[in-house]
Student: 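Below: one structure in structure tokens.
In the text below, chain A, chain B and the rest are named by the order of the sequence lines, each starting its count at 1. Side chains included, hydrogens not; waters and symmetry mates left out as well; all remaining heavy atoms used.
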Protein chains: 2
Amino acid sequence: MLTHNQFDQQTIGMPASAGETLFLEGEPCDHVFEIRKGVARAVSMTHEGDRQILAFFFPGDSIGLPLAQYHRYSVEAATDLVHIRHSTRRWQESLARTCQDDTTILKSVWREEKAFIERGLILGRVGALARLSAFLIVLSRHLPPVHGLRALELPQTDIASYLAASPETICRGLKRLREMQIIAMPRRDRFAIEHPARLELLAEGIFE
Amino acid sequence: MLTHNQFDQQTIGMPASAGETLFLEGEPCDHVFEIRKGVARAVSMTHEGDRQILAFFFPGDSIGLPLAQYHRYSVEAATDLVHIRHSTRRWQESLARTCQDDTTILKSVWREEKAFIERGLILGRVGALARLSAFLIVLSRHLPPVHGLRALELPQTDIASYLAASPETICRGLKRLREMQIIAMPRRDRFAIEHPARLELLAEGIFE
DNA sequence: CGAACGTTTGATCACGATCAAAATAGGTGG
DNA sequence: CCACCTATTTTGATCGTGATCAAACGTTCG
């Protein structure tokens, strides 16, 4: 939400275009990446080459926290984005300086952790429509509306990978939600939640 | 793995019996819980009363880290267990003291985070048998073998909740793995991985 | 011993993966 | 600006898997 914390140097945000890799699983954690604009995705590959999207990160989130020596997942730009790199050393100094009274840094740790928990919670739901609904609710909390519409810049293939569903299922699910008048999608990459209450119900697996 | 770190006071571990609650979602984070023996589970309830197990925690893991002001999930004993409570204040002091040179504390943060990521990774797999296989592999890394056997003290209902599957499916999956000679279960609550390589393949969704 | 819970097995059926193909959008160069 | 190419989305059809219901079996309690 807020991008103003003690990391906030007058650094110019670095741009990255969709698909670009910010860092790779296994690389040393020498930078913390703070998202300023756009969406990033954490991905993990199994040995067999299967790709899974573990989490999405939004403006204000910090990724690649030096909790271990090496990054445990890769991060790529899911959309065009702007980010800032902080050196790990500075991050740890901040941590030492502030963690006694101020909990800002710990919050950024929490935000990262929450992103992963959130996926588990969503994947735990039964029914593809319930998962998709839950995802849209989470998305809407991260993406501020412009003119009542929210940007849905993520390709449906990414959503599918995140939700452990096939792209076809995502497409059909969105169609269904439109037909039910629960969401509106005037353009492919814009959506609005018309009926939040019913969306919540669907996310709980209740069709009425 | 190691239970010896700077938290290691000469405290006597506190016992808790299966099903007991260590702390509840929403309570203030005034203690960090370190598991010494047994297995704990993090659970989350939706408003509708649906229960999901978000993660299991094993000896050496610390839970309830004060990353936010209030606990974001509840923790219960999944089996009988022994744990130690550390006051949050002490934990934060340790953090401040050690995080510049030593990374022990950050590792405990990482372990908690990893537990949640792990569930996402497992749930992302296609096929109930793949998820179950992946889960058993993870379990085997946490539970040391005694006489070649590992304790499977978790009720299958818990495994089902963790894997977002029905108890029947878990039961059938275990049966199938036994029939394939991939695992052995001489008793209901003991198992051994007879054929690790094939289990890995199954976890990848490969049936040969 | 009986009650309560967890596990096992069977049968049915809806959901979602998969394959295949058309339609739409996006991007590039002529 | 249009033609072309590629990637993404959409739609249709089939089929296997796993949820669900129901009931028997085993275990662990009081």
Side-chain angles (χ1 to χ4, degrees), chain A residues 17-19 41 50-53 76 78-80 122-135 151-179 183 185-191 202-207, chain B residues 17-20 39 41 50-53 76 78-80 122-135 151-179 183 185-191 202-207:
Chain A
S17 47
R41 59 179 182 232
D50 301 344
R51 242 174 97 83
Q52 264 196 56
I53 294 183
E76 308 166 351
T79 67
D80 292 339
I122 290 176
L123 289 184
R125 296 173 191 248
V126 291
L129 204 59
R131 290 204 289 273
L132 180 56
S133 301
F135 177 68
L152 181 68
E153 296 172 297
L154 302 171
Q156 292 185 16
T157 53
D158 274 9
I159 299 176
S161 169
Y162 179 85
L163 293 181
S166 68
E168 292 93 330
T169 300
I170 301 304
C171 177
R172 283 186 243 262
L174 289 171
K175 186 187 177 192
R176 191 124 164 253
L177 292 175
R178 281 184 313 241
E179 287 170 353
I183 64 169
M185 289 182 65
R187 285 175 43 184
R188 182 97 46 101
D189 58 349
R190 293 281 185 281
F191 79 103
L202 284 181
E204 304 284 352
I206 303 164
F207 287 64
Chain B
S17 48
E20 207 169 299
V39 184
R41 61 181 179 230
D50 301 343
R51 246 174 93 84
Q52 267 196 54
I53 294 183
E76 307 166 353
T79 68
D80 291 339
I122 290 175
L123 289 185
R125 297 172 191 249
V126 290
L129 203 60
R131 290 203 288 272
L132 180 56
S133 301
F135 177 67
L152 182 68
E153 297 173 294
L154 302 170
Q156 293 185 16
T157 52
D158 274 9
I159 300 177
S161 169
Y162 179 84
L163 294 181
S166 68
E168 293 94 330
T169 300
I170 301 304
C171 177
R172 283 185 244 261
L174 288 172
K175 186 188 178 191
R176 191 124 164 252
L177 292 176
R178 281 185 312 242
E179 288 170 353
I183 65 169
M185 288 182 66
R187 285 174 44 185
R188 184 97 47 93
D189 58 349
R190 293 280 185 282
F191 79 103
L202 283 182
E204 304 283 352
I206 302 164
F207 287 63

Student: Return the value, rounded to whole Å, for the distance between atom CZ of A:R176 and atom C1' of D:dT10.
Tutor: 16 Å
Student: From D:dT20, D:dT10, D:dG26, pick the nucleotide closest to the side chain of A:C171?
Tutor: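 The listed nucleotide nearest to A:C171's side chain is D:dT10.
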Student: Of the nucleotides D:dT20, D:dT11, D:dT9, which has the atom closest to the A:Q156 side chain?
Tutor: D:dT9
Student: Hey, where on DNA chain C does chain A first and last touch, going 5' to 3'? Cut-off is any atom under 4.0 Å from a heavy atom.
Tutor: C:dG16 to C:dA25
Student: So, taking the atom named OH in A:Y162 and the one named CG in A:L132, what distance separates them when rounded to the nearest 0.5 Å?
Tutor: 12.0 Å
Student: To the nearest angstrom, how far is A:M185 atom CE from D:dT9 atom C1'?
Tutor: 10 Å
Student: B:L174 has an atom CG; how far is it from atom C1' of D:dG26, in whole Å?
Tutor: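 Rounding to the nearest Å, CG of B:L174 and C1' of D:dG26 are 16 Å apart.
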Student: If I take atom CG from residue A:L202 and atom CG from residue A:L129, how far apart are they, to the nearest 0.5 angstrom?
Tutor: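 If I round to the nearest 0.5 Å, the distance is 5.0 Å.
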Student: Using modelled atom types only, decide if a donor and an acceptor are shared between the side chain of A:S161 and the backbone of A:T157 within a distance under 3.5 Å.
Tutor: no
Student: Which part of the nucleic acid, if any, lies within contact of B:R188, taking any heavy atom under 4.0 Å across all strands shown: a base, the sugar-phosphate backbone alone, or nothing?
Tutor: sugar-phosphate
Student: What is the distance, to the nearest angstrom, from the CZ atom on A:R178 to the C1' atom on D:dT11?
Tutor: 12 Å
Student: With a 4.5 Å heavy-atom cut-off, do A:L174 and A:Q156 have their side chains touching?
Tutor: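 Contact flag for A:L174/A:Q156 side chains = yes.
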Student: Starting at NZ of B:K175 and ending at C1' of D:dC25, how long is that distance when rounded to a whole Å?
Tutor: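 So the two atoms are 13 Å apart, to the nearest Å.
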Student: Looking at A:D80 and A:A18, would you say the former's side chain and the latter's main chain have a donor-acceptor pair under 3.5 Å?
Tutor: yes
Student: Determine yes or no for a side-chain-to-main-chain donor-acceptor pair under 3.5 angstrom, with B:R178 supplying the side chain and B:M185 the backbone.
Tutor: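 Here the side-chain-to-backbone pair does not exist.
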Student: In whole angstroms, how far is the P atom of D:dT9 from the CD atom of A:E168?
Tutor: 11 Å
Student: Can you check the A:R187 CZ to D:dT8 C1' distance for me, whole Å?
Tutor: 15 Å
Student: Take atom CG of B:D189 and atom P of D:dT27, then tell me their distance rounded to the nearest Å.
Tutor: 11 Å
Student: Take A:P155 and B:A128, find for each the nucleotide of DNA chain D with the closest heavy atom, and name the residue whose nucleotide sits nearer the 5' end.
Tutor: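 The residue whose closest nucleotide sits nearer the 5' end is A:P155.
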Student: Is the backbone N or O of A:R131 less than 3.5 Å from a side-chain atom of A:R125, with the two atoms forming a donor-acceptor pair by type?
Tutor: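 No; judged by distance alone, with no hydrogens or angles, the pair does not exist.
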Student: How would you label the contact of B:S166 with the nucleic acid (heavy atoms, under 4.0 Å): base, sugar-phosphate, or nothing?
Tutor: base
